[in-house]
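Report on one structure; see the data block that follows.
Just so you know, ligand 1 is whichever comes first in the structure, and atom 1 is the first atom listed for that ligand.
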Amino acid sequence: MMKTDLHDLSVAQLAARLAAREVSSVEVTQHFLARIAQQDSLGAFLATNADVSLAQARAADVRLAAGERAPLLGVPLAHKDIFVTRDFPTTAGSKMLENYRSPFDATVVSRLASAGMVTLGKLNCDEFAMGSGNDNSAYKPVQNPWDITRVPGGSSGGSAAAVAARLLPAATGTDTGGSIRQPASLTGITGIKPTYGRCSRYGMVAFASSLDQAGPMARSAEDCALLLSSMAGPDPDRDSTSLDLPAVDYAADLTSAGASGTKAAPLKGLRIGLPAQFFGAGCSADVLKAVRSALAELEKLGATLVDVSLPLTELSIPVYYVIAPAEASSNLSRFDGVRYGHRAAHYTDLTDMYKKSRSEGFGDEVTRRIMIGTYVLSHGYYDAYYLKAQKIRRLIAEDFQKAFTQCDIIAGPVSPTVAWKIGEKSDDPVANYLADIYTLSSSLAGLPGMSVPAGFGAHGMPVGLQLIGNYFREAQLLGAAHRFQLATDWHTRKPSGI
Ligand code: GLN
């Protein structure tokens with residue numbers, strides 16, 4: 001095996017080479033660090049530290065040499081810069097946290113580290129995970145490796161671009177309203193947002209706590225399954241909303257999606273629901289075409305397609321953009337220049353210090369959401385906006401449960417268009433919000449969802465198929481995606497020049 005091809009290997013393949021001692025974790029780490037340096041102009045990374053990564057790789061090599069075998073041992077990854085890390089700075093993509101160093105690791109980070117994964121650095125993201133194009137990062141935009149004039153999606157845009165450009169085999173992301181699925185879709189990689197509470201939120205810089213959820217981003221469902229098995233699991237002492245369900249070996253479960261499946265029709269018995277609202281005029285024709293041919297492929301694998309309805313889909317946009325800013329305005333109040341964050345150099349008194357520190361530290365989109373959130377929570381407007389939004393949120397969740405009486409998995413597009421040009425929507429927040437139409441409703445309901453590469457649309461840009469499962473059914477989603485990936489090769493395609 002040529003060392004230069006290491007970046008084309010999946011997590012599973014890399015782990016096998018490491019276990020067979022054909023290559024060391026130090027060699028793998030050096031290879032990826034060199035690629036990251038070469039491709040710096042993509043803007044995917046906010047921090048690297050070769051000394052730290054190589055020390056972790058050497059520790060993994062010692063474990064491998066001692067005969068230890070574990071599915072992720074010695075394999076590198078990087079974390080979205082929303083997870084706090086002791087060994088790297090954590091900025092959440094914001095000037096507010098420039099040079100901030102956490103005294104502890106997020107639970108997801110420490111779990112993957114104990115599984116033996118090597119951290120290559122921190123990945124660029126929209127400021128406090130607010131955005132859909134990664135153009136809200138206070139540091140730099142991220143380019144889409146399929147066309148560097150286009151966005152990679154957001155807010156986990158650095159994670160998506162890095163995986164697509166093969167700067168690493170896998171990364172972590174977070175999804176509050178689509179931030180794992182949408183960038184995965186726009187860069188042609190695979191990502192899963194688990195059921196709310198599956199992964200601990202401890203050490204994830206909070207955006208909207210009732211929605212935030214961590215998940216893996218990689219090239220295939222198999223690799224996502226390997227990572228999720230280590231990331232997920234209860235964390236009762238540190239995140240009381242983490243689900244009290246034992247960790248699952250998702251990788252072992254990959255073939256169980258269609259209970260009555262046969263070799264010729266592995267998805268036989270699986271009913272896939274197509275919500276009329278996901279296939280309407282709001283979705284561009286190129287995306288619909290790719291999604292429909294992916295659905296035809298799933299049918300060939302034995303799945304049955306059924307029509308379902310999610311009548312409140314359109315309302316998910318106003319509901320989310322009331323609830324998420326409300327929670328953000330509360331979560332972000334801690335950044336006051338005293339307890340955390342940037343402090344203005346010049347001020348007259350305490351109030352002036354707060355005002356200046358916050359106006360200097362937060363970017364426009366974050367400021368906009370803090371203002372909206374404060375408004376909808378204020379006396380006199382709380383009932384009209386926040387409470388109303390919470391009631392509709394419940395109805396949206398109930399609609400999903402009705403749909404799941406007719407089907408096992410819901411499918412549709414992830415994003416109504418392929419990746420747009422960098423800057424195209426930067427001055428139009430509403431245009432950004434509208435692009436979240438297919439991801440927000442399942443986030444509001446707390447359901448697991450994933451994006452699976454499904455072909456290409458306009459300008460040769462990737463299109464993702466969204467699969468949404470019922471609560472705790474990550475294994476079923478990953479299994480269906482895995483069967484699809486055994487029959488298709490969209491997830492193996494790579495941008496030219498990579
Ligand atoms: N695009 C959505 C937003 O801007 C979702 C972000 C996310 O999931 N973190 O809020």
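- Remark: Ser230 engages no residue in a side chain to side chain donor-acceptor pair (under 3.5 Å) (not counting sequence neighbours).
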| said: For Ser210 and Glu327: C-alpha separation, side-chain torsions, deciding distance, then whether side-chain contact (heavy atoms from CB on, under 4.5 Å) applies. | reply: CA-CA 8 Å; Ser210 76; Glu327 295 185 16; 2.6 Å; yes
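- Between Arg181 and the options Thr439, Leu186, Leu467, Val452, a side chain to side chain contact (heavy atoms under 4.5 Å, CB included) holds for only Thr439.
- In summary, the side chains of Asp105 and Thr85 do not present any donor paired with an acceptor at a separation below 3.5 Å, with no hydrogens or angles considered.
- Look at Arg201 and Asp212 and you find no salt bridge, because none of the NZ, NE, NH1 or NH2 atoms lies under 4.0 Å from a carboxylate O.
- Counting only N and O atoms by type, the side chains of Thr190 and Asp223 include no donor and acceptor under 3.5 Å apart.
- Using a heavy-atom distance under 4.0 Å as the criterion, the protein contacts of ligand 1 are Ala129, Met130, Gly131, Ser132, Ser155, Asp175, Thr176, Gly177, Gly178, Ser179, Phe207, Tyr320, Tyr321, Arg369, Asp436.
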